[in-house]
Amino acid sequence: MVHHHRASLLAPQQRKVEAAAEDPEQGGGGRMKELRRRLADYACHHHRKHGHDALLRMLAGFALASCLLLLLPGSPIVSGAMDELLQLGRRVRRDQEAAPPCAADDVADGTVCCDRSSHRTDVCVMRGDVRTQAASNSLFLLVPPNASSRAAAAADERIRPYTRKWESGIMSTVDELRLRSAPEGDAAAPARCDVRHGVPAVVFSTGGYTGNVYHEFNDGIIPLYITARRYNKKVVFVMLEYHDWWMTKYGHIVEQLSDYPPVDFANDRRTHCFPEAVVGLRIHDELAIDAARTPANQTIQDFRQMLDDAHRGRIQTIIEEEEKEAVAAAAAAAAAAAAARKQQHRGSQRIRRTRTAEDDDSPRLVIVSRNGSRAIENEAELVRAAAGAGFRVSVLQPRPDTELAKMYRALNASDVMVGVHGAAMTHFLFMRPGSVFIQVVPLGTDWAAETYYGEPARRLGLRYMPYKILPSESSLRGQYAKDDPVLTDPDTVNAKGWQVTKQVYLDGQNVRLDIARFRRHLHRARDHWATRRRATARTGSGAEQR
């Protein structure tokens, strides 16, 4: 038996939303845009569920509220009604998404169930005698002769298990799997099991945009957590487009989600047999986890705790290695001549510096540096300004071969992270809730900066402080006239398409910060740190008194 759950023709597509301003209050225009968005989504779901008459009544209600908002924008009654309508749209969407089709627990034995309703990803569940066949890029579900239904024998699904379904270009690079059900003894199916597993499989691709840290987390690691956490590590990961470097980089995270070694689907020609297979990963939003759609109400904070657990052991090893190196360096310096003793004196100062009260009382700020486009041209000035504002400053420049545990250690211990919009901003996931994230937002990147990093950072519990540069802070000011739309109206330039945005704003722009202007963000960040520190001290004092 094969079940299909395909998206409606009116299913919501990815839309650009207005980047949230630093002022949290929205004007009437913003609420009207929000209303139109909610109306489109709600109309789609309501029409599908209740039919034309109910849809028309609902549209009339929205039209009346829109007119009242335009005529009486300041009325608290109208404002309350509008809020109710917006909340209705949100509630309906959550209700629609809370119970996805083809949930593993709901799939009957001997069944292939494919959920194709999401615009982001397809997910299929196979329950029964599931067998791999790498030579034909297939998974077989063998149906016993006494099965109640013979319909399963006709099942033949195809799926590319990657979470960017709407991007046909990148999806064409992802291996396609065939999911086939067949009666036992079928000549095309594997006749025997070389490796029989007593736990389910989760099948996914580590191809696509792998190599970009944003996509590695957004399209892979977080969806893997969402899909696999319910199995409590009793699951085997079957990977398409397996990369050794990917396992080296993310192996500590994989070990938090599975007790078993992963299977390299293409190169492991043995027949692996499973009682169940989930093919494809579920994804909720950009770097996000919706607790209402997870079996145990997990959140992005739970995901971050898992990252803590994954890297704790390796970080401790790094610390011990550094301490041994410091001791060896001090011993060598003690035995050297006068010049070496001078070097030893400096080394001792460096060791003692980490233990002074001044350092312990100073907040730590990490600048995530970029090479090439969107670099901060006056980064040295930024370092001096941050130090002048009372921060201990370090500069990180991530490379493809940078060990993830070292990045995690640096950012997990920091109080503030500063960086220009780009994939490296994904590392905000490594920061402790309550820390400050200052994202420098170049011209033309407002929407992407807010959608991909700003809103996800808030959900994690960070204090997000976007710094939107002025045209005078962009290197583009030297390439275009001061009244050119590239500088004055980036939205119209972005409307010409992604390739234009990439060429002009992403690949063709650097930043030279107005340090006097940016210093206000530094002071706000330090004030936030000081306020939290005082609150923590009061909480600790109260606990001691009790």
Side-chain angles (χ1 to χ4, degrees), residues 161-164 170 173-175 202-229 233 235-268 281 283 286-287 289 300 302-322 366 368-372 394 396-414 417 419 422-431 452-453 456 460:
Y162 188 61
T163 59
R164 299 193 78 82
I170 197 63
T173 70
V174 175
D175 288 349
V202 169
V203 185
F204 63 98
S205 171
T206 57
Y209 286 122
T210 296
N212 176 297
V213 67
Y214 168 80
H215 289 290
E216 287 168 3
F217 274 90
N218 186 70
D219 305 342
I221 298 297
I222 294 178
L224 183 62
Y225 176 90
I226 291 170
T227 307
R229 194 65 167 177
K233 302 177 71 172
V235 62
V236 174
F237 295 147
V238 178
M239 299 181 183
L240 277 66
E241 289 127 332
Y242 180 98
H243 302 285
D244 287 331
W245 68 262
W246 191 94
M247 278 302 299
T248 299
K249 184 174 183 178
Y250 295 111
H252 294 305
I253 296 175
V254 170
E255 290 170 358
Q256 292 296 312
L257 297 174
S258 172
D259 283 335
Y260 305 89
V263 174
D264 177 357
F265 181 81
N267 294 311
D268 188 340
L281 303 177
I283 183 171
E286 310 302 332
L287 298 175
I289 297 174
I300 194 66
D302 295 310
F303 174 79
R304 195 198 168 282
Q305 181 60 54
M306 184 270 292
L307 294 182
D308 258 356
D309 297 338
H311 294 105
R312 185 177 296 111
R314 175 56 185 155
I315 288 172
Q316 184 58 40
T317 300
I318 292 172
I319 292 172
E320 292 171 358
E321 290 172 351
E322 290 176 350
V366 173
V368 180
S369 181
R370 290 181 62 94
N371 278 329
S394 59
L396 292 179
Q397 195 167 76
R399 300 186 308 272
D401 61 346
T402 300
E403 185 178 356
L404 202 63
K406 293 182 178 179
M407 288 291 296
Y408 196 89
R409 178 192 178 191
L411 289 167
N412 184 56
S414 70
M417 182 177 96
M425 294 301 93
T426 307
H427 293 112
F428 78 78
L429 290 168
F430 298 176
M431 301 185 73
Y452 298 139
Y453 305 109
L460 184 60

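Each residue takes its place number in the sequence, starting with 1.
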Please check if any side-chain donor atom of Asp219 sits under 3.5 Å from a side-chain acceptor atom of Tyr214, or the reverse. no
Ser258 side chain vs Val235 backbone, donor-acceptor pair below 3.5 Å: yes
Parallel, tilted or perpendicular: which fits the ring planes of Tyr209 and Tyr162, with parallel below 30° and perpendicular above 60°? tilted
Do Tyr242 and Phe265 have side chains that get closer than 4.5 Å, going by heavy atoms? no
Of all heavy-atom pairs between Ala423 and Val213, which one has the smallest distance, and what is that distance? O-CG1, 3.2 Å
So which atom in Asn218 and which in Leu287 form the shortest heavy-atom distance, rounded to 0.1 Å? OD1-N, 2.7 Å
Is Glu286 reaching over with its side chain to a backbone N or O of Pro456, donor-acceptor style, under 3.5 angstrom? no
Leu429 versus Ile300: any side-chain heavy-atom pair under 4.5 Å? yes
Side-chain contact, heavy-atom cut-off 4.5 Å: Tyr453 with Thr426? yes
Given Met407, which partner from the list Asn412, Leu396, Val366 fulfils the side-chain contact (heavy atoms from CB on, under 4.5 Å) test? Leu396
Polar side-chain atom of Tyr408 near backbone of Asp308 as donor-acceptor pair, under 3.5 Å: yes
Does any part of the side chain of Val202, heavy atoms only, come nearer than 4.5 Å to the side chain of Leu281, both counted from C-beta? yes
Would you indicate whether the side-chain heavy atoms of Ile289 and Asp302 approach each other to under 4.5 Å? no
Does some side-chain heavy atom of Ser205 sit less than 4.5 Å from a side-chain heavy atom of Asp175? no
Report the relative orientation of the aromatic rings in Phe430 and His311; use parallel for angles under 30°, tilted for 30 to 60°, perpendicular for over 60°. tilted
Donor-acceptor pair, Thr210 side chain versus Thr206 backbone, under 3.5 Å? yes
Is a side-chain donor or acceptor of Tyr225 paired with a backbone partner of Leu257 at a separation under 3.5 angstrom? no
Aromatic ring pairing Trp246/Tyr250, orientation class (parallel under 30°, perpendicular over 60°, tilted between): tilted
Show your working on side-chain contact (heavy atoms from CB on, under 4.5 Å) between Ile226 and Ile283 and close with a plain yes or no. CA-CA 7 Å; Ile226 291 170; Ile283 183 171; 5.6 Å; no
Applying side-chain contact (heavy atoms from CB on, under 4.5 Å) to Ser369 and not counting sequence neighbours gives Glu379, Val395, Gln397
Not counting sequence neighbours, which residues clear side-chain contact (heavy atoms from CB on, under 4.5 Å) with Gln256? List them please. Met306, Asp309, Ala310
Applying salt bridge (charged side-chain N to carboxylate O under 4.0 Å, His left out) as the test, list every pair that has at least one member in residues 400-410; sequence neighbours left out. Arg314-Glu403, Glu322-Arg409, Arg399-Asp401
